[in-house]
Visitor: 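Pasting a structure below so you can have a look.
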Amino acid sequence: MKQKASLFKRFLTYQKERYPLIGYFFLIGSFSFSAIAYSRICRGITEFVSPDKFFVCIFNTITLFFILRISDEFKDREDDRKYRAYLPVPRGLISLNELKYIGIAALIFQLIITSLFFSKMLFLLAIVYFYLFFMSKEFFVKKWLKRHQFWYVTSHMLIIPLIDVFASGFDWLLENEKAPTGLLFFFAVSFMNGIVLEIGRKIKSPEQEEKGVLSYTFQLGTKPAAIFWIFILLLTLILALTASYFAGHSITSYIALISVFAVCTVPPILFLIKQNARNSKLIEYGSTLWTFSMYLILGGIPMLIGLLK
């Protein structure tokens with residue numbers, strides 16, 4: 001009988017498929033940097049937080065999203081077993097029990113590091129976990145949420161602005177300041193970015209549709225789903241422009257946001273013309289490009305420019 005590979009090797013394969021650390025490091029790193037930077041810009045501060053605050057913030061946000069990934073493995077296990085046998089858990093690469101202990105280890109490291117360095121942040125971290133617990137239980141109304149997709153997506157995307165609140169707290173909370181008003185719009189943009197990513201990765205060409213696997217093209221129709229994604233992106237743009245206003249950004253930021261929006265609308269237009277797997281994948285890439293660019297434009301780049309002056 002062939003010996004099973006070590007947990008470490010199997011976990012490396014798992015993370016490549018379900019949580020590619022290198023890609024997420026850059027995306028979540030920009031997410032964390034921009035949340036802190038935007039908060040400080042709104043407060044009129046041009047210097048960034050100390051490196052220890054930033055590194056603890058990044059460690060926490062990356063592991064939070066990883067624990068969220070593990071939570072989803074448990075939440076979706078029945079559907080994955082029935083309809084997505086090719087995924088790591090149902091095909092036997094790694095077990096839910098193994099992922100559970102890995103997730104617990106990540107949580108323990110979070111608590112230790114946060115307690116040792118910035119214990120004041122434990123309160124915001126607890127709020128995130130409180131919501132994550134109920135989200136993992138589908139708020140104890142699983143059947144109702146499955147029948148009402150709008151509320152399902154809305155309830156699950158709220159975890160993103162909550163993590164944003166936590167990340168930005170490494171500025172305002174640790175400095176005993178009131179959270180700036182503009183953060184409300186930054187959090188709203190984070191929420192909408194989650195929607196953009198969620199819909200963008202579930203717009204499929206007819207040949208990509210899988211039985212039992214949710215897609216917005218199946219629910220709304222192939223072309224209406226692409227149009228709906230453009231509409232959601234437009235709403236996100238409006239919120240991002242408003243967040244720019246509260247941060248006092250220059251006209252350059254407005255032009256940059258509108259330009260990225262224009263670029264990201266190209267894939268769904270191509271998909272409307274030809275519904276194939278290539279154009280479907282381009283929409284998913286467009287979702288990532290928008291999210292990454294928006295965070296940098298709102299917080300990251302203005303802060304870096306200020307630091308270089």
Visitor: Listing request: all salt bridge (Lys or Arg N to Asp or Glu O under 4.0 Å) pairs with a residue in residues 97-116, at least two apart in sequence or in separate chains.
Guide: Arg10-Glu98

Visitor: Who else is in Ile273's hydrophobic cluster (ILVMFWY, side-chain heavy atoms under 4.5 Å, direct or via others)?
Guide: Ile269

Visitor: By salt bridge (charged side-chain N to carboxylate O under 4.0 Å, His left out), which residues pair with Arg91, not counting sequence neighbours?
Guide: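 Here the qualifying residues are Glu17.
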
Visitor: If hydrophobic residues (ILVMFWY) are linked whenever their side-chain heavy atoms come closer than 4.5 Å, directly or via other members, who joins Val266 in its cluster?
Guide: Leu270, Leu282, Tyr285

Visitor: Look at the aromatic rings of Trp144 and His148 and report parallel, tilted or perpendicular, splitting at 30° and 60°.
Guide: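 The rings of Trp144 and His148 lie parallel, inter-plane angle below 30°.
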
Visitor: Run through Ile67, Leu111, Leu162 and flag the one making a side chain to side chain contact (heavy atoms under 4.5 Å, CB included) with Tyr129.
Guide: Ile67

Visitor: Can you say whether the rings of Phe139 and Phe134 are parallel (under 30°), tilted (30 to 60°) or perpendicular (over 60°)?
Guide: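 Ring orientation, 0 to 90° scale: parallel.
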
Visitor: Report the residues that fulfil side chain to side chain donor-acceptor pair (under 3.5 Å) with Glu47, sequence neighbours left out, ordered by chain and then residue number.
Guide: none

Visitor: How would you list, by chain and number, every residue that makes a side chain to side chain donor-acceptor pair (under 3.5 Å) with Thr291, sequence neighbours excluded?
Guide: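 Testing Thr291 for side chain to side chain donor-acceptor pair (under 3.5 Å), a comparison that skips the adjacent residues, returns none.
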
Visitor: Among Ser34, Ser190, Ser30, which residue meets the side chain to side chain donor-acceptor pair (under 3.5 Å) test with Tyr295?
Guide: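 Answer after filtering Ser34, Ser190, Ser30: Ser190.
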
Visitor: Cluster question for you: counting only ILVMFWY and a side-chain heavy-atom cut-off of under 4.5 Å, with indirect links fine, are Leu184 and Ile127 together?
Guide: no

Visitor: For Lys75, enumerate each residue passing the side-chain contact (heavy atoms from CB on, under 4.5 Å) test, keeping only those at least two apart in sequence or located in another chain.
Guide: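 Partners of Lys75 by the side-chain contact (heavy atoms from CB on, under 4.5 Å) criterion, ordered by chain and then number, come out as Asp72, Glu138, Tyr152, His156.
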
Visitor: Do Tyr24 and Phe66 have ring centroids that are under 6.0 Å from one another?
Guide: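 Here the rings of Tyr24 and Phe66 have centres that are no less than 6.0 Å from each other.
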
Visitor: Members other than Val263 in its cluster, when Ile, Leu, Val, Met, Phe, Trp, Tyr link by side-chain heavy atoms under 4.5 Å?
Guide: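 Via sub-4.5 Å side-chain contacts, Val263 links to Leu289.
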
Visitor: Under a 3.5 Å cutoff, is there a donor and acceptor pairing between the side chains of Ser50 and Asp52?
Guide: yes

Visitor: Applying salt bridge (Lys or Arg N to Asp or Glu O under 4.0 Å), which residue pairs with at least one partner in residues 279-291 are found, sequence neighbours left out?
Guide: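 Checked against salt bridge (Lys or Arg N to Asp or Glu O under 4.0 Å) - neighbours excluded - the pairs reaching residues 279-291 are Lys281-Glu284.
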
Visitor: Keeping to residues at least two apart or across chains, list the side-chain hydrogen bond (donor to acceptor under 3.5 Å, both in side chains) pairs with something in residues 251-275.
Guide: none

Visitor: With sequence neighbours left out, what residues match Asp171 under salt bridge (charged side-chain N to carboxylate O under 4.0 Å, His left out)?
Guide: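 With neighbours one apart ignored, the set is Arg40, Arg43.
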
Visitor: Taking only residues two or more places apart in sequence or in another chain, which ones pass salt bridge (charged side-chain N to carboxylate O under 4.0 Å, His left out) with Arg77?
Guide: none

Visitor: Please report whether the ring centroid of Phe54 lies less than 6.0 Å from that of Phe33.
Guide: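 Yes, close enough.
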
Visitor: About how many Å separate OG of Ser32 and CZ of Phe65, when rounded to the nearest 0.5 Å?
Guide: 8.0 Å

